[in-house]
Amino acid sequence: MRVSLPTLLSVAISLVSIVNAHQDHTLEAREYIDELIAREEAYNVLERRDLFADISTRELIDELSDRFERRAGNNLKLYQCEYCHQSFDSKDHAKNDAKKVPCPNSQSKDGKHKVKPTPKPYGL
């Protein structure tokens, strides 16, 4: 059986066209989806930037300070003895505590704590 050159050529061309017609486009679809996701992320970043542009630094610090104070709650000691540096919640608490535990420092008179307000931490 002999096959002529034109017949062989036409069969090869038809096979090539069939292969090109059934090409898998999943890679191109994935690239397109990745591109859409990248655009969405970039848009979200710009949106966040716009939100923060409207807030001043002072407002941001005030809000963070308020949240810190709320989170610290009663754990934040407001008064401190100048002599022994013991912390108290209030002046009354320091007076009552002095009856139980006197101030160990020799500068204190009668073992009483000299209470003063503690400085607020930076940014509060």
Side-chain angles (χ1 to χ4, degrees):
M1 177 166 122
R2 291 183 97 191
V3 180
S4 67
L5 183 63
T7 308
L8 189 60
L9 191 60
S10 66
V11 169
I13 290 174
S14 59
L15 284 175
V16 167
S17 67
I18 289 173
V19 167
N20 282 337
H22 293 292
Q23 186 178 11
D24 191 14
H25 296 287
T26 58
L27 183 62
E28 293 174 12
R30 287 181 184 162
E31 288 177 357
Y32 180 69
I33 289 173
D34 288 344
E35 184 180 330
L36 290 177
I37 290 172
R39 284 184 192 170
E40 184 179 341
E41 288 173 358
Y43 180 73
N44 288 341
V45 168
L46 290 174
E47 207 172 86
R48 274 187 242 130
R49 230 185 254 168
D50 290 341
L51 286 174
F52 285 125
D54 295 338
I55 301 172
S56 71
T57 305
R58 182 169 299 283
E59 290 171 343
L60 215 104
I61 289 174
D62 289 343
E63 180 65 27
L64 290 174
S65 298
D66 291 343
R67 288 185 182 193
F68 176 73
E69 286 174 358
R70 272 187 265 135
R71 188 179 345 154
N74 292 333
N75 296 334
L76 188 62
K77 302 296 182 180
L78 302 175
Y79 295 92
Q80 188 176 36
C81 177
E82 285 186 26
Y83 302 131
C84 66
H85 303 291
Q86 186 174 353
S87 298
F88 303 100
D89 293 334
S90 66
K91 286 186 179 181
D92 294 332
H93 184 239
K95 288 178 185 175
N96 293 337
D97 203 27
K99 294 175 184 174
K100 296 175 189 173
V101 180
C103 185
N105 197 306
S106 61
Q107 291 178 344
S108 69
K109 298 176 183 175
D110 301 329
K112 292 183 179 178
H113 296 278
K114 183 176 180 185
V115 180
K116 67 173 183 175
T118 57
K120 286 187 176 182
Y122 178 75
L124 292 180

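In this chain, residues are counted from 1 in sequence order. Remember, it's a predicted structure, so these values are computed and weren't measured experimentally. The figures that follow rest on heavy atoms only: side chains count, while hydrogens, waters and symmetry mates do not.
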d(Leu60 CG, Glu63 CD) to nearest 0.5 Å is 8.0 Å

Interatomic distance, CD@Glu40 vs CG@Asn44, rounded to 0.5 Å, equals 5.5 Å

CD1 of Ile13 to CG of Leu8, rounded to nearest 0.5 Å, is 10.0 Å

Distance col, row Thr57:OG1 vs Asp62:CG, nearest 0.5 angstrom, shows 10.5 Å

